[in-house]
Amino acid sequence: MTSEFNSISGGKISKYDGMIKEVAKEYNWDWRLISAIIYHESRFNESAGSWTGAYGLMQIMPATAEAFGVDNIENPKQNVKGGILLLNSLNNQFLKNIPDSTQRVKFVLAAYNIGLGHVNDAQRLAEKYGKNPLIWENNVEIYLQHKAEEKYFKDEVVRWGYCRGEEATKFVRNVTNNYRQYVNIIDL
């Protein structure tokens with residue numbers, strides 16, 4: 001296993017498996033995907049915080065928590081619920097235009113990491129430069145990475161400006177790789 005993959009002991013991913021399974025099932029998400037997100041967001045540290053103000057297992061921003069009715073982002077279960085509600089909201093944004101769930105989850109993950117506006121910008125750039133705006137690999141991901149370059153973040157189709165898209169594309173790649181490994185090792 002790569003260094004990006006946490007070790008699994010006794011068929012468990014973390015001490016939060018039971019709670020993650022419960023909340024993920026309530027909202028129809030694969031708990032192993034939620035665990036992969038949590039691993040990359042906080043390494044299962046419920047007190048993790050970031051310089052941007054994100055907090056907890058799923059690194060929820062206070063404004064996001066408030067928007068989704070999460071009273072206490074320090075509570076692990078509420079934090080996970082808030083993260084999943086954000087995933088649901090993002091999934092609904094892409095559902096109409098990206099029917100393939102395997103593709104759609106990559107867009108959702110990118111938007112979870114960097115924001116929906118930046119992913120939509122990358123889709124518009126992909127379309128402008130002859131790539132498929134509904135396919136992640138070698139299409140939209142390329143233009144999300146390019147949003148750190150002035151030529152692209154100042155392009156007329158871009159509405160959200162500069163972003164460090166490389167971080168979001170690594171996040172998508174790491175989470176999806178980790179998830180595939182979880183699926184191969186851990187039962188649903």
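All values below were derived from every heavy atom in this structure, side-chain atoms included, with hydrogens, water molecules and symmetry-related copies excluded.
Here the side chain of D17 pairs no donor or acceptor atom with the backbone of K15 at under 3.5 angstrom. R32 places a side-chain N or O within 3.5 Å of a backbone atom of I186 that can act as its donor or acceptor partner. A donor-acceptor distance shorter than 3.5 angstrom exists from the side chain of N184 to the backbone of R180, with no hydrogens or angles considered. Although no hydrogens or angles enter the test, the distance criterion places no donor-acceptor pair under 3.5 Å between the side chain of N174 and the main chain of F171.
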Y112 and F107: side chain to side chain contact (heavy atoms under 4.5 Å, CB included), yes or no, with the steps?
-> CA-CA 8 Å; Y112 186 90; F107 285 83; over 6 Å; no
Verdict with supporting geometry, K106 and E141, side chain to side chain contact (heavy atoms under 4.5 Å, CB included) | CA-CA 9 Å; K106 294 172 185 172; E141 74 173 338; over 6 Å; no
Could you go through the side chain to side chain contact (heavy atoms under 4.5 Å, CB included) check for N113 and V172 one step at a time?
-> CA-CA 8 Å; N113 182 266; V172 171; over 6 Å; no
Might you work through the side chain to side chain contact (heavy atoms under 4.5 Å, CB included) test for H146 and K151, ending with a clear yes or no?
-> CA-CA 8 Å; H146 283 325; K151 170 186 175 182; over 6 Å; no
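Sequence neighbours left out, the pairs with a member in residues 76-86 that pass side chain to side chain donor-acceptor pair (under 3.5 Å) are E22-K77.
I114 and H118 make their closest contact through O-CD2, 3.2 Å (heavy atoms, listed as atom of the first residue, atom of the second, distance). Pairing each heavy atom of G82 with each of V70, the nearest pair is CA-CG2, 3.5 Å. Taking both residues in full, the closest heavy atoms of R124 and G117 are given as NH2-O, 4.4 Å, listed atom of the first, atom of the second, then distance. Between L144 and A168, the closest heavy-atom pair is CD2-CB, 3.8 Å.
Salt bridge present: E167 and R164 bring a charged side-chain N and a carboxylate O closer than 4.0 Å.
Placement of I98 and L95 in two distinct hydrophobic clusters is found when ILVMFWY residues are connected by side-chain heavy-atom separations under 4.5 Å, directly or transitively. Under the 4.5 Å side-chain heavy-atom criterion for grouping Ile, Leu, Val, Met, Phe, Trp and Tyr, V140 is connected to L116 within one hydrophobic cluster. Both M19 and F44 are part of a single hydrophobic cluster, where members link through side-chain heavy atoms under 4.5 Å apart.
The distance from the CD1 atom of I34 to the CD1 atom of I84 is 4.0 Å, given to the nearest 0.5 Å. For the atom pair CD1 of I20 and CD1 of I13, the computed distance is 7.5 Å after rounding to the nearest 0.5 Å. Atoms CG and CH2, on L109 and W136 in that order, are 9.0 Å from each other to the nearest 0.5 Å. Remark: F94 CZ to S101 OG distance equals 14.5 Å, nearest 0.5 Å. Atoms OH and OG, from Y55 and S47 in turn, are 4.0 Å apart once rounded to the nearest 0.5 Å. Atom CG of D30 is separated from atom NZ of K25 by 12.5 Å, given to the nearest 0.5 angstrom.
When side chains are defined from C-beta on, Y162 does not count as touching K147, because their heavy atoms never get closer than 4.5 Å. Side-chain contact between I38 and E46 is absent, with no heavy atoms from C-beta onward closer than 4.5 Å. Considering only heavy atoms from C-beta on, H40 comes within 4.5 Å of N178 through its side chain. S35 is listed as a side-chain neighbour of Y182, based on a closest heavy-atom distance under 4.5 Å.
The closest side-chain donor-acceptor pair between Y152 and D121, if any, does not fall under 3.5 angstrom. Side-chain N/O atoms of Q145 and T169 include a donor and acceptor closer than 3.5 Å. Residues Q123 and N120 have side chains that bring a donor and an acceptor to within less than 3.5 angstrom of each other.
Listed by chain and residue number, nothing satisfies the side-chain hydrogen bond (donor to acceptor under 3.5 Å, both in side chains) test with T102 (two or more places apart in sequence, or in another chain). Every residue two or more places apart in sequence or in another chain that forms a salt bridge (charged side-chain N to carboxylate O under 4.0 Å, His left out) with K154 is listed here: E150.
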Please list every donor-acceptor pair under 3.5 Å in which a side-chain atom of residues 58-68 meets a protein atom from a residue at least two apart or in another chain.
| residue | atom | partner | partner atom | Å |
| --- | --- | --- | --- | --- |
| Q59 | NE2 | A48 | O | 3.1 |
| Q59 | NE2 | G56 | O | 2.7 |

Determine all donor-acceptor pairs shorter than 3.5 Å in which one atom belongs to a side chain in residues 126-135; sequence neighbours excluded.
| residue | atom | partner | partner atom | Å |
| --- | --- | --- | --- | --- |
| K128 | NZ | D155 | OD1 | 3.0 |
| K128 | NZ | D155 | OD2 | 2.8 |
| Y129 | OH | D155 | OD2 | 3.2 |
| N132 | OD1 | L134 | N | 2.8 |

Donor-acceptor pairs under 3.5 Å, side chain of residues 85-93 to any protein atom, not counting sequence neighbours: which ones?
| residue | atom | partner | partner atom | Å |
| --- | --- | --- | --- | --- |
| N88 | OD1 | W29 | NE1 | 2.5 |
| N91 | OD1 | R104 | NE | 2.8 |
| N92 | ND2 | N88 | O | 3.3 |

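Within 6.0 Å of atom NZ in K21, more than 12 heavy atoms from other residues, nucleotides or ligands are found, so the atom counts as buried in its surroundings.
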